[in-house]
Protein chains: 2
Amino acid sequence: MRSVTINDGLERLAQKLGRVCTLTSEERLALAGLPGAERAFGPREEMVAQHRPTDGLQLLVEGFACRFRLLPDGRRQILGFLLPGDICDLSTLVLGHPDHAVSALGVVRTSVLPAAALAAALERHPRLARAFWWLTAVDAAITREWLVNVGYRSAHERVAHLLCEVYWRLESVGLAHDNQCRFPLTQTELGDAVALSAVHINRTLMNMRRTGLARMQGGMLELLDRHALQAAGGFDPAYLHLPSVGSPFHAGASPWKAQGARNGFG
Amino acid sequence: MRSVTINDGLERLAQKLGRVCTLTSEERLALAGLPGAERAFGPREEMVAQHRPTDGLQLLVEGFACRFRLLPDGRRQILGFLLPGDICDLSTLVLGHPDHAVSALGVVRTSVLPAAALAAALERHPRLARAFWWLTAVDAAITREWLVNVGYRSAHERVAHLLCEVYWRLESVGLAHDNQCRFPLTQTELGDAVALSAVHINRTLMNMRRTGLARMQGGMLELLDRHALQAAGGFDPAYLHLPSVGSPFHAGASPWKAQGARNGFG
DNA sequence: CGTGGGGTTGACAACCTTCAATAACTGTGG
DNA sequence: CCACAGTTATTGAAGGTTGTCAACCCCACG
């Protein structure tokens with residue numbers, strides 16, 4: 001198979017942005033002109049430090065990463081996963097400095113979008129700016145879902161829900177097929193994501209394997225029974241705001257997509 | 001004391017937006033022209049329904065509210081609190097439909113900002129649009145902190161942290177003085193916010209009263225020992241992005257505020 | 001004066017954590 | 001190719017934090 005290029009990452013980003021409003025060729029060009037230096041990271045390497053201002057945003061081109069907060073006593077809470085096409089430190093662009101760190105899961109390649117150039121492009125292309133705003137809104141929606149997951153659900157449900165999210169998101173960017181995908185996550189990391197101890201994660205995963213729900217082993221995630229897993233986690237993909245999700249509220253409900261449409265915008 | 005008017009709510013919103021970049025008089029005028037119909041709600045009344053598209057955004061003028069998700073079995077997870085000057089359903093503006101509901105705590109008055117007019121104003125004033133983007137980014141930052149709170153901390157810490165957040169935010173809009181503020185929250189609701197049972201909230205609060213940390217009774221919140229409470233909750237107000245917080249990263253770190261400044265934007 | 005919601009308290013159970021030990025796996029160097 | 005070390009996965013036992021159930025009190029309100 002051919003190697004993954006920066007353009008692949010950019011293309012995925014453009015596709016995501018295109019969910020808000022169809023991008024003009026000018027806007028696409030502005031995007032394409034952004035990528036600068038490439039970077040590569042090994043497993044567990046820190047891609048963004050929690051409190052150090054950055055010179056540019058990193059577009060994830062290949063591999064997976066997670067955003068997290070390190071707590072005083074050494075434990076950590078993972079705040080979300082980053083997939084190819086995601087911008088690793090988007091909040092930085094608006095807030096001025098990162099309030100959480102980003103770490104690579106497995107081998108990762110990124111491309112740096114210089115902050116100055118990006119800010120200029122967003123200034124020149126307001127629709128692009130709105131699309132980026134939409135990105136942070138979707139991000140917030142996912143975080144809210146995680147809050148519900150961690151706050152409300154049992155261990156079994158939490159893990160099921162998270163596995164569903166990972167698979168659905170990977171599938172939407174073409175990185176998952178036939179209920180299988182690569183996702184190199186240790187049980188400890190999974191625990192940090194859903195706020196459970198590694199030991200309990202282990203028991204939960206084994207239970208899921210035995211009952212034929214899902215399997216996560218050797219860097220691979222496999223949904224053995226997709227619908228059962230979805231039910232077990234109370235998973236409704238609407239919050240991911242993916243295309244063609246079949247949610248009754250998805251189509252054309254964005255104010256700037258359906259200008260002058262039924263919700264009175266424009 | 002004089003009654004609270006819509007202008008108070010608008011003024012608070014303008015102040016918040018002004019943290020990103022100083023608003024021009026034109027931009028302020030555009031804001032001032034927005035408010036439409038007023039609405040009033042009683043305690044526990046639903047202000048925004050979870051899945052019904054809305055015609056406009058509600059600016060909270062007086063009183064308090066909470067955003068929450070209702071789960072199939074009747075329990076709920078509160079996702080955040082809304083204070084005067086906050087926009088109740090900001091995410092709707094970008095995402096097209098609310099993915100969570102909003103409920104009044106106590107008596108609430110709001111003013112409706114018509115979606116069409118707001119969208120037009122943001123189109124005409126890009127800096128205003130950026131400021132609104134900043135609002136959703138801050139919102140996301142707070143949600144991330146809640147995720148850490150619920151995922152990581154013990155019951156005692158969680159409650160302490162939440163009380164700190166509420167007090168700090170209220171103080172920043174002038175609604176708290178001398179370690180006291182009004183905040184009408186039942187113990188059940190507090191439990192829904194930090195993902196603990198009402199019974200356990202009760203024990204935790206009583207413990208805090210006995211040990212002289214804080215008191216929450218009769219709709220009033222009182223921090224008996226501000227620093228001890230802060231320490232007990234591991235509370236660092238930086239994530240709230242309030243003015244004059246003393247965070248080393250706060251001043252001028254926003255890309256559009258310090259144009260051409262040290263981080264290379266502009 | 002009755003009623004209902006919220007607060008308080010106790011007993012008990014459940015879920016999950018921690019500790020600890022072992023097994024499986026990965027990459028490295030001899 | 002094997003031995004080795006370090007990490008990850010697995011398993012058992014014990015304990016703690018928190019949830020559930022149930023009762024009671026208090027107060028506001030009609």
Side-chain angles (χ1 to χ4, degrees), chain A residues 42-45 71 73-78 103-107 149-160 162 182-211 214-222 232, chain B residues 42-45 66 71 73-78 103-107 149-162 183-211 214-222 232-233:
Chain A
R44 315 175 137 268
E45 203 170 341
L71 290 132
D73 66 352
R75 273 187 61 180
R76 69 176 190 174
Q77 173 72 48
I78 293 183
S103 163
L105 305 167
V107 174
N149 203 31
V150 168
Y152 173 72
R153 288 189 247 262
S154 73
H156 194 72
E157 297 171 308
R158 280 186 225 181
V159 173
L162 188 72
R182 211 174 70 78
F183 199 68
L185 205 65
T186 74
Q187 296 186 345
T188 303
E189 288 163 338
L190 187 53
D192 288 342
V194 295
L196 290 168
S197 72
V199 172
H200 206 70
I201 289 288
N202 181 287
R203 295 192 226 272
T204 306
L205 282 180
M206 297 203 60
N207 184 28
M208 287 184 166
R209 271 196 310 249
R210 267 196 301 101
T211 55
R215 176 168 12 198
M216 210 185 86
Q217 254 172 344
M220 292 293 296
L221 166 63
E222 185 179 359
Chain B
R44 312 175 139 268
E45 202 170 342
C66 67
L71 290 132
D73 66 352
R75 272 187 62 180
R76 67 176 191 173
Q77 173 71 48
I78 292 183
S103 161
L105 306 166
V107 175
N149 203 32
V150 167
Y152 173 71
R153 288 190 247 263
S154 73
H156 194 71
E157 297 171 310
R158 279 186 225 181
V159 173
H161 193 279
L162 187 73
F183 199 68
L185 204 66
T186 75
Q187 296 187 344
T188 303
E189 287 162 338
L190 186 53
D192 289 342
V194 295
L196 291 167
S197 72
V199 172
H200 206 70
I201 288 287
N202 181 286
R203 293 194 227 271
T204 306
L205 282 181
M206 297 203 62
N207 183 28
M208 286 184 166
R209 273 198 307 250
R210 269 195 301 100
T211 56
R215 176 169 12 197
M216 211 185 85
Q217 253 172 344
M220 291 293 295
L221 166 63
E222 185 179 359

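Below, all heavy atoms of this structure are taken into account, side chains as well, without hydrogens, waters or symmetry copies. Numbered from 1 within each chain, the chains take letters A, B, ... in sequence-line order.
- A/Ala155 comes within 4.0 angstrom of the backbone, heavy atoms only, and of no base.
- Comparing B/Met206 and A/Gly218 by the nucleotide of DNA chain C that holds the closest heavy atom to each, the one mapping nearer the 5' end is B/Met206.
- Regarding B/Leu205, its CG atom lies at a distance of 15 Å from the C1' atom of C/dT9, rounded to whole Å.
- Put simply, A/Gln217 has no side-chain N or O that comes within less than 4.0 Å of OP1 or OP2 on C/dC25.
- Judged by distance alone, with hydrogens and angles left aside, the side-chain atoms of A/Glu45 form no donor-acceptor pair with the main-chain N or O of A/Ser103 at under 3.5 Å.
- The line from CZ of A/Arg209 to CZ of A/Arg215 is 7.5 Å long, rounded to the nearest 0.5 Å.
- Atom CZ in A/Arg75 sits about 6 Å away from atom P in C/dT18, given to the nearest Å.
- The main-chain N or O of B/Gly151 is never found under 3.5 Å from a side-chain atom of B/Arg158 such that the two would form a donor-acceptor pair.
- The distance from atom CG of B/Asp73 to atom C1' of D/dG19 is 14 Å, rounded to the nearest whole Å.
- Across all strands shown, B/Thr186 has heavy atoms under 4.0 Å from sugar-phosphate atoms exclusively, and none from any base.
- Here C/dT18 is the nucleotide among D/dT18, D/dA22, C/dT18 with the atom lying nearest to any side-chain atom of A/Ser197.
- Rounded to whole Å, the distance from CG on B/Leu196 to P on D/dG16 is 19 Å.
- Residue whose closest nucleotide on DNA chain D sits further toward the 5' end, between A/Met216 and A/Arg203: A/Met216.
- In this entry the distance linking NE2 of A/His200 with P of C/dA14 reads 15 Å, nearest Å.
- Residue B/Arg209 places at least one side-chain N or O under 4.0 Å from the OP1 or OP2 atom of C/dT8.
- Nucleotide C/dT8 holds its P atom 12 Å from the CZ atom of B/Arg215, rounded to whole Å.
- One interatomic measurement links the two molecules: CG of A/Asn202 to P of D/dG12, which rounds to 11 Å at whole-angstrom precision.
- No donor-acceptor contact under 3.5 angstrom links the side chains of B/Tyr152 and A/Asp192, judged on distance only.
- The side chain of B/Arg44 contributes an N or O atom lying less than 4.0 Å from OP1 or OP2 of C/dG6.
- Distances shown here put every side-chain N or O of A/Gln187 at or beyond 4.0 Å from the OP1 or OP2 atom of D/dT7.
- One can place CE of B/Met208 at 14 Å from P of C/dT8, the figure rounded to the nearest angstrom.
- Remark: A/Leu190 CG to A/Leu185 CG distance equals 5.5 Å, nearest 0.5 Å.
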